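All values reported here derive from a predicted model rather than from experimental measurement. Just so it is clear: chains get the letters A, B, ... in the order the sequence lines come, proteins before strands, and each one is counted from 1.
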There are 2 protein chains.
Amino acid sequence: MSDAEQTRQNILTVAADEIHQHGFKATSLSVILNRCEISKGALYHHFTSKIELGYAVFEEIYTPMFLDLWQSALAVEDPVEGLCTFFTSMTDQMSCSEVVCGCPLNNLCEEMANVDEGFRLRILSMQEQLNQSIVDALEKINDDLRDGLALSQVSYFIVATLNGATTLSKSSRNKELFQQVIAELCLYIRALKK
Amino acid sequence: MSDAEQTRQNILTVAADEIHQHGFKATSLSVILNRCEISKGALYHHFTSKIELGYAVFEEIYTPMFLDLWQSALAVEDPVEGLCTFFTSMTDQMSCSEVVCGCPLNNLCEEMANVDEGFRLRILSMQEQLNQSIVDALEKINDDLRDGLALSQVSYFIVATLNGATTLSKSSRNKELFQQVIAELCLYIRALKK
DNA sequence: CTTGCAACATACCGAGCGGTTGGTTATGAT
DNA sequence: ATCATAACCAACCGCTCGGTATGTTGCAAG
């Protein structure tokens, strides 16, 4: 990797961390510059504005990390159990910072979706992608599922609940609350089967 | 109501609206001053700081509005149906601004809970209050419910899902998504019964 | 009539923000 | 060796922010 590309990646990584911790608006460019030990000129050489940097973080850091994570949970023989073990393992390996800071994508969604159209469309596209993945996975075992299920609706329900659980644990700083909601969510998911 | 009290209430109302629209940090005091047609001295006569104003909005505007709303849904003969009609009526009367801005308490929770301890504790206390109300309501019809339900867990699950649904519709600007999650939530709630 | 305080108004402050400008250094093709 | 350009730096700009210091008005008690 060239030096320039290295610099760019460094900026993206640090910016992703800062945005995760403090949100997009509250993220200060000067903090990123200090952490990267570069000048403002260097940053504006690689990115035309703060919001373009934000888009890049979203597309190049958050989105792939997020989709890969879900894909690994869904690409198993029984996606129902895949999701359940995925969720419960989240509660186990959830670090303290993750409890406090929440899901970076959920945070960005809350903060920026109704403020900036660029973010909103990117978030929306990713949500639809994720929803389709879940629906596809569930359709594969359609014979094992109850009749009359609206799979897309079910999928959105699952994602919404997971986001809500993250927010809940974030505000309460309480892993147990998250665990409880997840436990109930797993009950719901398993009840999808016949 | 005295003139001074009138001024105070006016500040609170306008601030509540601004915070709902733009979040706490992005809410500018000067905008509030303009809308209220008062000076900065007037505001700082009634409130010692921006954050104290925020606390007052939370306690005197958001909290009572919120709890009353839930209480009216729970204080009926069958709280299960009460909640379902409450949720579905939300989807109907949801104004455009509410879709875009989301639930003010949910927003504040997302934005401030992990930044300011004062907000966090207030949010936490309200969440516990709400959860207790739901649990109490459900316990009243315990005989009609399935055995082995963890009611507190169920209650947190419901609230988490509702919040997640709000966030989802906010980012997508799509009432239908909200409606779908709510429909699935009602299925879940009704399935609590025997 | 005056004195005191609540209820405001006006003007200003320092800090931090995103962004720009005008330069300097490193690199790679010719 | 030259030279354009990529890559980077330091200084500065305009602006808005929350907050403060000081001044003014009006009413109400003594």
Side-chain angles (χ1 to χ4, degrees), chain A residues 1-58 60 107-108 111-112 115-119 122, chain B residues 1-60 107-108 111-112 115-120 122:
Chain A
M1 188 156 46
S2 67
D3 283 3
E5 185 58 25
Q6 177 72 46
T7 303
R8 198 188 123 91
Q9 286 302 322
N10 193 220
I11 295 174
L12 281 176
T13 308
V14 170
D17 183 53
E18 286 292 325
I19 293 174
H20 185 196
Q21 281 188 53
H22 309 108
F24 177 76
K25 291 183 217 162
T27 286
S28 163
L29 294 186
S30 54
V31 170
I32 297 178
L33 303 181
N34 284 336
R35 281 186 59 182
C36 291
E37 292 178 330
I38 58 168
S39 70
K40 193 164 274 192
L43 193 148
Y44 273 86
H45 173 73
H46 289 285
F47 304 96
T48 64
S49 63
K50 186 190 182 185
I51 208 155
E52 286 296 332
L53 170 60
Y55 294 161
V57 166
F58 186 93
E60 300 178 38
N107 292 352
L108 263 183
E111 184 189 3
M112 300 304 295
V115 171
D116 179 82
E117 194 70 0
F119 269 121
R122 282 168 175 82
Chain B
M1 188 155 47
S2 67
D3 282 4
E5 185 58 24
Q6 177 72 46
T7 302
R8 198 188 122 92
Q9 287 302 322
N10 193 222
I11 295 174
L12 281 176
T13 307
V14 170
D17 183 52
E18 287 292 324
I19 292 174
H20 185 195
Q21 281 188 52
H22 308 110
F24 178 76
K25 291 183 218 164
T27 286
S28 163
L29 293 186
S30 53
V31 171
I32 296 178
L33 302 181
N34 284 337
R35 282 187 58 183
C36 291
E37 291 176 332
I38 59 169
S39 69
K40 192 163 275 193
L43 193 149
Y44 273 86
H45 172 74
H46 288 285
F47 304 95
T48 64
S49 64
K50 186 190 182 186
I51 207 156
E52 285 296 332
L53 170 60
Y55 294 160
V57 167
F58 186 94
E59 289 171 353
E60 300 177 39
N107 293 351
L108 263 183
E111 184 189 5
M112 300 304 295
V115 172
D116 179 82
E117 194 69 2
F119 268 121
R120 206 192 116 245
R122 282 169 174 83

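One can place CG of A:Leu33 at 15 Å from P of D:dA11, the figure rounded to the nearest angstrom. Computed from coordinates, the B:Phe47 CZ to D:dG18 P distance equals 15 Å when rounded to whole Å. If you take CG of B:Asn34 and C1' of D:dG18, they are 15 Å apart, rounded to a whole angstrom. Rounded to an integer number of Å, the gap from CD of B:Glu5 to P of C:dA6 is 15 Å. The distance between atom CG of B:Leu53 and atom C1' of D:dG18, rounded to the nearest whole Å, is 12 Å. The separation between A:Glu52 atom CD and C:dG19 atom C1' is 14 Å, rounded to whole Å. When the C1' atom of D:dA6 is taken as reference, atom CG of A:Leu43 falls 16 Å away, rounded to whole Å. What separates CZ of B:Phe24 from C1' of D:dG18 is a distance of 10 Å, to the nearest Å.
Contacts of residues 6-16 of chain B with DNA chain D (heavy atom under 4.0 Å): none.
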Please tabulate, one pair per line, each protein N/O and nucleotide N/O from nucleotides 24-29 of chain C that are separated by under 3.5 Å, including the distance.
none

Any protein N or O atoms within reach of nucleotides 19-21 of chain D? Criterion: under 3.5 Å, listing atom names and distances.
residue	atom	partner	partner atom	Å
D:dG19	OP2	B:Tyr44	OH	2.6
D:dG19	OP2	B:Lys50	N	2.9
D:dG19	O5'	B:Tyr44	OH	3.4
D:dG19	N7	B:Lys40	NZ	3.2
D:dG19	O6	B:Lys40	NZ	3.1

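Closest of all the heavy-atom pairs between A:His22 and A:Ala26 is O-CB, 3.1 Å. Of all heavy-atom pairs spanning A:Val57 and A:Ala15, the tightest one is CG2-CB, 3.8 Å. Nearest approach of B:Leu33 to B:Ser39, heavy atoms of both residues: CD2-O, 3.6 Å. Nearest heavy atom pair, residue A:Gly54 against residue A:Ile19, reads CA-CD1, 4.5 Å.
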For B:Leu53 and B:Thr48, what are the C-alpha separation, side-chain angles and deciding distance, and is it a side chain to side chain contact (heavy atoms under 4.5 Å, CB included)?
CA-CA 8 Å; B:Leu53 170 60; B:Thr48 64; over 6 Å; no
How far apart are the C-alpha atoms of B:Ile38 and B:Asn10, what are their side-chain angles, what is the distance that settles it, and do they pass the side chain to side chain contact (heavy atoms under 4.5 Å, CB included) test?
CA-CA 10 Å; B:Ile38 59 169; B:Asn10 193 222; 5.9 Å; no
Could you go through B:Phe24 and B:Ile51, starting from their C-alpha distance and side-chain angles, then the distance that decides it, and tell me whether this counts as side chain to side chain contact (heavy atoms under 4.5 Å, CB included)?
CA-CA 9 Å; B:Phe24 178 76; B:Ile51 207 156; 4.1 Å; yes
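The 12-atom threshold is exceeded at CD of B:Glu5, counting heavy atoms of other residues, nucleotides or ligands nearer than 6.0 Å.
Of the inter-residue distances, the one linking A:Gln9 atom CD with A:Leu12 atom CG reads 5.5 Å to the nearest 0.5 angstrom.
Residue A:His45 places no side-chain N or O under 4.0 Å from the OP1 or OP2 atom of D:dC8. Contact check, B:Ser30 against D:dC17: a side-chain N or O comes under 4.0 Å of OP1 or OP2. In this model, the phosphate group of C:dC17 is approached by a side-chain N or O of A:Ser28 to a distance below 4.0 Å at OP1 or OP2. Residue B:His46 places at least one side-chain N or O under 4.0 Å from the OP1 or OP2 atom of C:dC8.
Counting only residues at least two apart or in different chains, side chain to side chain donor-acceptor pair (under 3.5 Å) contacts with residues 23-35 of chain A comprise A:Asp17-A:Arg35, A:Glu18-A:Arg35, A:Ser28-A:Ser30. Listed by first and then second residue, the salt bridge (Lys or Arg N to Asp or Glu O under 4.0 Å) pairs that reach into residues 44-57 of chain A come to none, sequence neighbours excluded. Within the structure, the ring pair (Phe, Tyr, Trp, His ring centres under 6.0 Å) test picks out the following pairs touching residues 32-60 of chain B (sequence neighbours left out): B:Tyr55-B:Phe119.
With sequence neighbours excluded, no residue satisfies side-chain hydrogen bond (donor to acceptor under 3.5 Å, both in side chains) with B:Gln6. For A:Glu117, the side-chain hydrogen bond (donor to acceptor under 3.5 Å, both in side chains) test picks out A:Arg120, with sequence neighbours left out.
Two end axes, each from the C1' atoms of five base pairs, can be drawn for the helix from C:dC1-D:dG30 to C:dT30-D:dA1; they diverge by 0°, to 10 degrees.
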